[in-house]
Amino acid sequence: MYKIATWNVNSLRVRLPRVLAWLDENKPDVLALQETKITDADFPLEAIQQAGYQAVFSGQKTYNGVAILSRNKASDITTDLLEFEDPQRRVLAAVIDNIRILDLYIPNGESVGSEKYQYKLNWLSKLDHFLKHELKKHPKIIVLGDFNIAPADIDVHDPKRWHERIMCSTPEREAFKAMLNIGFHDAFRELHPAEKTFSWWDYRTYGFSQNLGLRIDHILASDALISHCKKAYVDTALRKEERPSDHAPVVVELKL
DNA sequence: ATGGTTGCAACGCAA
């Protein structure tokens with residue numbers, strides 16, 4: 001099985017030992033990272049190469065930052081959405097093993113109605129154009145990352161509490177549906193139609209211990225790939241350990 | 001739980 005995973009690590013500098021341990025234990029073919037919070041000059045390439053992986057990355061100081069680790073070589077690297085010059089490093093696309101991988105760190109949006117929320121909605125509209133463009137060039141696409149969108153109430157521990165709040169608002173959910181409408185499938189939800197499973201738990205409410213989570217990290221497979229997805233799951237093992245990321249890895253296994 | 005914790009970097013900002 002070909003294993004592809006996504007993980008918002010919330011600082012690669014802090015989480016590097018965890019990432020290396022996770023690679024060693026799970027041996028994914030591709031691991032997409034978000035919130036690396038590290039410049040390209042400081043990227044820990046040697047440690048990752050010693051673990052048997054190659055890496056491409058697009059980082060910045062302090063905030064954001066994305067990277068793709070893979071067994072095999074990445075080509076056709078893209079770091080920006082179409083016609084959208086953004087200093088925030090949130091996009092990384094590459095072809096690996098003849099599959100187009102799109103690693104996304106979609107803006108958080110802070111709160112509905114805020115300036116950052118407008119930035120998020122604008123970003124999502126740029127993403128829509130980008131995805132349509134990418135699909136024309138590459139039928140076999142995996143879009144994965146931290147979407148900062150819980151697609152439906154089943155993806156939320158307490159839908160009433162989160163009603164029309166950030167990550168759950170109707171415009172955000174509509175943007176997510178639009179991605180599915182142009183030819184993508186939410187791999188976890190396709191394989192587990194009724195499972196209430198989360199990928200992120202707020203540090204501030206000690207959310208993990210009570211499972212007060214949201215499913216906001218996703219792996220979308222294009223029409224050409226969804227039938228190859230045989231397994232999808234969230235790996236919560238590391239979230240239970242000392243000093244975890246607030247997100248857990250999400251994994252799909254494909255029979256190619 | 002309308003508060004709280006974490007990471008960065010050095011104070012408040014972002015999540």
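Excluded from the calculations below are hydrogen atoms, water molecules and symmetry mates; all remaining heavy atoms, backbone and side chain alike, are included. We name chains A, B, ... by the order of the sequence lines, and we start the count at 1 in each one.
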In whole Å, what is the span from the [atom1] atom of [X] to the [atom2] atom of [N]?
{"X": "A/Lys116", "N": "B/dC13", "atom1": "NZ", "atom2": "P", "result": "9 Å"}
{"X": "A/Trp200", "N": "B/dT6", "atom1": "CH2", "atom2": "P", "result": "14 Å"}
{"X": "A/Asn10", "N": "B/dC8", "atom1": "CG", "atom2": "P", "result": "7 Å"}
{"X": "A/Asp202", "N": "B/dT5", "atom1": "CG", "atom2": "P", "result": "11 Å"}
{"X": "A/Asp158", "N": "B/dA1", "atom1": "CG", "atom2": "C1'", "result": "11 Å"}
{"X": "A/Glu115", "N": "B/dC13", "atom1": "CD", "atom2": "C1'", "result": "14 Å"}
{"X": "A/Lys120", "N": "B/dA15", "atom1": "NZ", "atom2": "C1'", "result": "11 Å"}
{"X": "A/Arg239", "N": "B/dT5", "atom1": "CZ", "atom2": "P", "result": "14 Å"}

**Report entry** Candidates B/dG4, B/dC8, B/dA15 - which lies nearest the side chain of A/Arg13
**Finding:**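 The answer is B/dC8.
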Requested in this report: Could you check which of B/dA15, B/dC13, B/dG4 has an atom nearest any side-chain atom of A/Arg90?
Outcome: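 Selected nucleotide: B/dA15.
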Report task. State, to 0.1 Å, how close A/Arg165 and A/Val112 come at their nearest heavy-atom pair, and which atoms those are. Result ->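 Answer, listing the atom of A/Arg165 first, then A/Val112: C-CG2, 3.8 Å.
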Requested in this report: Compare every heavy atom of A/Leu104 with every heavy atom of A/Gln34, then report the nearest pair and how far apart it is.
Outcome: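 Smallest interatomic distance, heavy atoms only, reads CG-O, 3.5 Å.
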For [X], which contact category applies under a 4.0 Å heavy-atom criterion: base, sugar-phosphate, or nothing?
{"X": "A/Tyr105", "value": "sugar-phosphate"}
{"X": "A/Thr62", "value": "sugar-phosphate"}
{"X": "A/Arg165", "value": "base"}

In whole Å, what separates the [atom1] atom of [N] from that of [M]?
{"N": "B/dC11", "M": "B/dT6", "atom1": "C1'", "result": "15 Å"}
{"N": "B/dA14", "M": "B/dG4", "atom1": "C1'", "result": "15 Å"}
{"N": "B/dA15", "M": "B/dA9", "atom1": "C1'", "result": "16 Å"}

Query - Between A/Asp86 and A/Tyr119, a side-chain donor and acceptor under 3.5 Å - result: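 Looking only at side-chain atoms, A/Tyr119 and A/Asp86 do form a donor-acceptor pair, the distance falling under 3.5 Å.
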Considering just the side-chain nitrogens and oxygens of [X], establish if one lies under 4.0 Å of OP1 or OP2 belonging to [N].
{"X": "A/Arg204", "N": "B/dA14", "result": "no"}
{"X": "A/Tyr203", "N": "B/dG4", "result": "no"}
{"X": "A/Lys61", "N": "B/dA9", "result": "yes"}
{"X": "A/Arg243", "N": "B/dG7", "result": "yes"}

**Report entry** Linked hydrophobic residues, A/Phe57 as query - side chain contacts closer than 4.5 Å
**Finding:**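 Taking Ile, Leu, Val, Met, Phe, Trp and Tyr as members, A/Phe57 shares its hydrophobic cluster with A/Trp7, A/Val9, A/Leu12, A/Leu16, A/Val19, A/Leu20, A/Trp22, A/Leu23, A/Leu31, A/Leu33, A/Ile38, A/Phe43, A/Leu45, A/Ile48, A/Tyr53, A/Leu69, A/Tyr233, A/Leu238, A/Val251.
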Requested in this report: Only one of A/Phe176, A/Phe184, A/Phe188 passes ring-ring contact (aromatic ring centres under 6.0 Å, His included) with A/His218; say which it is.
Outcome: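 That would be A/Phe176.
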Requested in this report: State, with a plain yes or no, whether a side-chain heavy atom of A/Trp200 is found less than 4.5 Å away from one of A/Asp146.
Outcome: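 A side-chain contact under 4.5 Å is absent here.
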Query raised in the report: When you match A/Tyr206 and A/Asp246 each to their closest nucleotide on DNA chain B, which lands nearer the 5' end?
Result: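 On the 5' side of the pair lies A/Tyr206.
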Requested in this report: Would you please enumerate the stems DNA chain B participates in, each stem being three or more consecutive Watson-Crick or G-U wobble pairs with both distances under 3.5 Å?
Outcome: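 Ordered by first number, the stems with DNA chain B (at least 3 consecutive pairs each) read B:5-8 with B:12-15.
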Requested in this report: Run through A/Arg173, A/Lys160, A/Lys196, A/His163 and flag the one making a side-chain hydrogen bond (donor to acceptor under 3.5 Å, both in side chains) with A/Asp153.
Outcome: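 For A/Asp153, the side-chain hydrogen bond (donor to acceptor under 3.5 Å, both in side chains) test succeeds with only one of A/Arg173, A/Lys160, A/Lys196, A/His163, which is A/Arg173.
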Requested in this report: Please answer: with hydrophobic residues joined when any side-chain heavy atoms are less than 4.5 Å apart, are A/Leu212 and A/Tyr203 in the same cluster?
Outcome: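 No, it is not one cluster - the side chains of A/Leu212 and A/Tyr203 are not joined through contacts under 4.5 Å.
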Query raised in the report: What about A/Arg161, does its side chain sit under 3.5 Å from the base of B/dT2 through a donor-acceptor pair?
Result: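 Per atom types, no contact qualifies.
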